[in-house]
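Here is the naming used below: chain letters follow the sequence lines, and residue numbers restart at 1 for every chain. Note that the structure is a prediction, hence the values are computed from the model and not measured.
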Amino acid sequence: MSGESDKLLNQTFQHLGLTFISLFLAVAIGLPLGIFIARKRKLSGSVLAVAGVLQTIPSIALLGFMIPILGIGAKPAIVALLIYALLPIIRNTYTGIVGISTEVKEAAIAMGMSKMQVLFKVELPLAMPVILAGVRTATVINVGVATLASYIAAGGLGEFIFGGISLNNTNMILAGAIPAALLAIILDAILAAIQKMNVKKFRKTLYIFPILFLVLGGFYLLPKAYGSSLTAGFTPEFMGRQDGDLGLKSVYGLKIHTIVISDAVMYQAAYEKELDIISGYSTDGRLKAFKLTILKDDKGIFPPYYAAPIIREASLKKFPELEGVLNLLAGKITDSIMTDLNYRTDYLHQTPERVAKDFLIGCGLYKSAKGGKKSVIRIGSKIFGEQYILAEMYRMLILGNTDYEVATKTGLGGTKICFDALMNDQIDFYPEYTGTGLLVLLKPDPKVSKKMAHDRDSTYQYVSRQFSQKFNIKWLKPIGFNNSYALMMRQKQSKDLDVNSITTLQQYLDKN
Amino acid sequence: MIKLEKVSKSFHNIPAVKAVSFEVKEGENLILLGTSGCGKTTTLKMINRLIAPDHGTITVNGKDIEQENPELLRRGIGYVMQNNGLFPHYTVGENIAIVPQLLKWDRKKTLDRTKALMAKLHLSDEYINLFPHELSGGQQQRVGLARALVADPAVLLMDEPFGALDNVTRASIRKEFKALEELKRKTIVMVTHDIQEAFELADRICLMDKGEIIQIGTPKSLLYQPASDFVVKFMESERRSLEFRVTTLNDLWHHLPVKNSANATVVNSDLSVWDALNCFRSVGQEIAFSTDEIQEQKSLNINDLTVAFNHYHMQYLHE
Ligand SMILES: Nc1ncnc2c1ncn2[C@@H]1O[C@H](COP(=O)(O)OP(=O)(O)O)[C@@H](O)[C@H]1O
Ligand SMILES: [Mg+2]
């Protein structure tokens with residue numbers, strides 16, 4: 001537990017650091033730019049428009065754009081945050097300066113002040129409350145967006161939040177979300193108080209700000225203990241699972257410098273040598289795309305699991321034909337087929353719809369839609385390629401074989417979000433993995449899970465029984481392929497270092 | 001001291017000031033008078049280079065201002081504006097000390113000068129640490145004046161300095177202004193659209209219309225030797241009171257009966273008829289004065305004054 005609170009403190013500092021470094025840079029760029037467009041008003045429209053457009057880029061997308069340019073970690077996160085903070089700072093500097101009475105400005109010039117003197121003695125002090133309001137807005141935005149920085153391994157409170165979401169651990173989510181919200185509220189209140197301070201006192205205290213920002217920003221740069229020669233990037237979910245990082249530590253005794261990163265950017269980061277080891281799925285198409293190789297799990301901590309649709313029993317009653325239709329896919333997709341299908345979407349960038357259709361045609365299951373209008377079946381999927389493809393296949397099968405209509409709700413974040421949607425009757429079914437069902441959703445006594453985790457059939461039977469009893473949810477027949485975690489490495493590096501299993505990896509790390 | 005030669009200025013190809021020339025002598029008070037939009041402010045601002053003229057030259061103290069560093073030039077020219085333009089984030093003291101600070105005066109000198117000036121302008125010492133918004137409009141305007149005067153510039157430019165004040169405050173500040181020793185030696189160019197104000201304060205008036213000078217001369221010459229119908233029309237509605245303002249007791253000497261009452265209040269002989277009329281209201285039934293040439297004194301009541309004024313006026317018009 002003390003480990004956890006250390007982690008919390010550390011993440012809070014990282015969060016503050018990220019927020020303030022980027023804020024400092026945003027002020028360093030935004031303030032002069034705001035002053036500049038207040039001088040050259042003709043340019044103000046276009047500059048503000050560009051900053052406005054930058055701000056509308058979804059944060060995850062912006063972080064994604066940064067990776068090819070700046071890699072992963074602090075740099076791209078800071079740049080992305082900086083971009084978000086820029087607009088309020090430029091805009092408020094501009095409006096603050098433009099809003100100063102022309103009489104006052106004219107008086108300043110008429111008394112013989114130079115341009116610089118007018119700026120520093122008159123314009124900036126008078127515009128300061130407005131500028132500070134901009135800094136305040138930017139701060140609150142940054143505290144929020146900084147939670148997403150954990151997606152690209154920049155740390156911060158997002159590690160807890162997203163870890164919690166994928167591990168179905170509400171406490172963990174709150175451990176990240178509450179401090180993040182508190183940070184936003186406290187920083188907002190402090191800046192509001194400063195804003196209201198008497199302008200006069202203010203002139204003297206103003207110089208503290210840049211220094212304060214830098215100090216707070218400095219938290220982030222506190223030297224981190226790099227304990228190993230290789231760097232691993234694991235998803236938040238993997239970090240918290242017994243068949244994940246916990247197993248690596250306890251069974252293999254693996255000690256490696258680890259950063260937390262989102263599944264969406266992990267493979268590319270490995271390809272670009274930002275990371276050396278990543279936690280992936282054995283059927284992932286990007287394995288092929290990014291020339292990665294799987295390290296052999298010689299002590300068997302990543303048992304294979306079945307994938308199967310899980311469905312509300314209420315929905316089965318409501319749509320009697322559904323079970324038969326969904327089971328059409330049972331046993332049809334092997335590991336190698338799934339990897340290939342994933343490769344086609346992830347690397348060849350074919351649409352999940354096309355990949356699904358080609359596959360169904362290939363095995364004679366495709367029927368064109370009957371155009372029925374009975375009632376709507378809602379399909380869910382998690383936010384990665386394989387799930388999109390499966391959701392598409394089910395959609396086509398339902399439309400071709402029944403008179404139901406279909407609504408797909410794809411991209412439902414992690415396991416928790418998807419499962420909550422199912423429990424709350426937001427969706428009727430989605431594809432799930434038995435291992436996830438066991439370790440993430442049921443979370444039985446470790447002894448129980450240890451006993452059956454290595455046998456995929458007993459796992460399947462156990463989760464089927466438990467889900468039915470506990471949640472009124474039924475596991476349909478397995479689709480065929482097994483998906484399990486795997487540690488991956490670049491093919492070339494694996495050869496160069498002569499590391500091809502987790503044990504040899506651990507031996508390599510011990511030596512270097 | 002100040003000389004404008006064929007100075008013109010257009011905004012977006014619309015002329016605001018057209019080939020204006022005039023000269024202001026050292027210690028003189030020239031008032032730019034005219035209706036709103038006739039180019040007074042533009043003319044004034046060209047003198048301290050807040051606006052650059054399109055054509056023509058301006059010299060201050062014999063030097064072409066074009067050749068001077070604009071900031072140094074401005075530090076030597078006081079500037080007072082209609083809405084005072086005080087810095088809202090500076091105290092009264094700091095506002096007054098702006099130019100001394102730019103000129104790098106030491107603290108003591110600045111403070112002494114600020115306090116002395118505030119006393120002269122009837123601003124209590126306690127105000128020094130207040131912010132402008134804590135003062136009344138009249139007080140703010142005094143601070144604006146103090147700020148312009150603090151470094152004792154030889155030239156003072158004033159743009160409708162009393163324009164934002166209510167009538168009562170305005171009249172009293174104007175009176176103080178006239179009496180202020182600090183201003184006696186200064187070369188002043190002041191802008192107003194108020195004819196009464198111009199006649200009360202000006203040594204010479206420069207009457208402008210549509211960017212051009214219509215007539216430039218003493219108040220008396222505008223009144224009695226108008227250059228055009230425009231000048232006559234401009235003053236028509238307030239003619240009588242303007243005549244009261246330009247005529248002094250001295251002018252009336254020969255038209256007053258010889259009498260010398262013992263309990264009359266003695267006043268200055270260059271008091272205007274206007275001020276004398278006001279005097280009867282405040283000091284009593286009779287006033288007395290003596291001329292500069294003959295050491296003789298005459299006393300008069302309000303009736304004597306009006307009769308004498310009418311005689312004088314008739315005669316002046318016939319000359
Ligand atoms: N900065 C400016 N831009 C455009 N037109 C101006 C500007 N300043 C003054 N003008 C125009 O020039 C003319 C003279 O203005 P101004 O000198 O302010 O007149 P006054 O002070 O006599 O009222 C007016 O028609 C006014 O609209
Ligand atoms: Mg004006």
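Contact of Asn69(B) with chain A is not made at all, since no heavy-atom distance falls under 4.5 Å. Contact of Leu72(B) with chain A is not made at all, since no heavy-atom distance falls under 4.5 Å. Proximity to chain B involves both the backbone and the side chain of Ser114(A), based on heavy atoms less than 4.5 angstrom apart. Using a 4.5 Å cut-off between heavy atoms, Asn83(B) touches chain A through backbone and side chain atoms alike.
Note that the NE2 atom of His89(B) and the CG atom of Leu124(A) stand 9.5 Å from one another [nearest 0.5 Å]. From Met111(A), atom CE reaches atom CG of Asn95(B) across 7.0 Å, with rounding to the nearest 0.5 Å.
Two residues are said to be in side-chain contact when any heavy atoms from C-beta on lie closer than 4.5 Å; Lys45(B) and Glu106(A) meet this criterion. Between Glu71(B) and Gln117(A) there is no side-chain heavy-atom pair separated by less than 4.5 Å.
Contact record, Ala107(A) with Arg147(B): CB-NH2, 3.5 Å, taken as the closest heavy-atom pair. Taking all atoms of both residues into account, the shortest heavy-atom contact from Pro88(B) to Val104(A) is CD-CG2, 4.1 Å.
Within 6.0 Å of NZ on Lys184(B) lie more than 12 heavy atoms contributed by other residues, nucleotides or ligands. Heavy-atom neighbours of Glu26(B) CD from other residues, nucleotides or ligands within 6.0 Å: at or below the threshold of 12. Remark: Lys3(B) NZ is loosely packed, at most 12 non-hydrogen atoms of other residues, nucleotides or ligands lying under 6.0 Å away.
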- request: Report the C-alpha distance between Lys121(A) and Gln101(B) in whole Å, list the side-chain angles of each, state the deciding distance to 0.1 Å, and finish with yes or no for side chain to side chain contact (heavy atoms under 4.5 Å, CB included).
  value: CA-CA 12 Å; Lys121(A) 286 174 189 274; Gln101(B) 219 192 14; 3.5 Å; yes
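Ranked by heavy-atom pairs under 4.5 Å with chain A, the first of Val99(B), Val80(B), Leu157(B), Leu50(B) is Leu50(B). The greatest number of non-hydrogen atom pairs below 4.5 Å with chain A, out of Leu86(B), Leu102(B), Asn48(B), Leu103(B), is found for Leu102(B).
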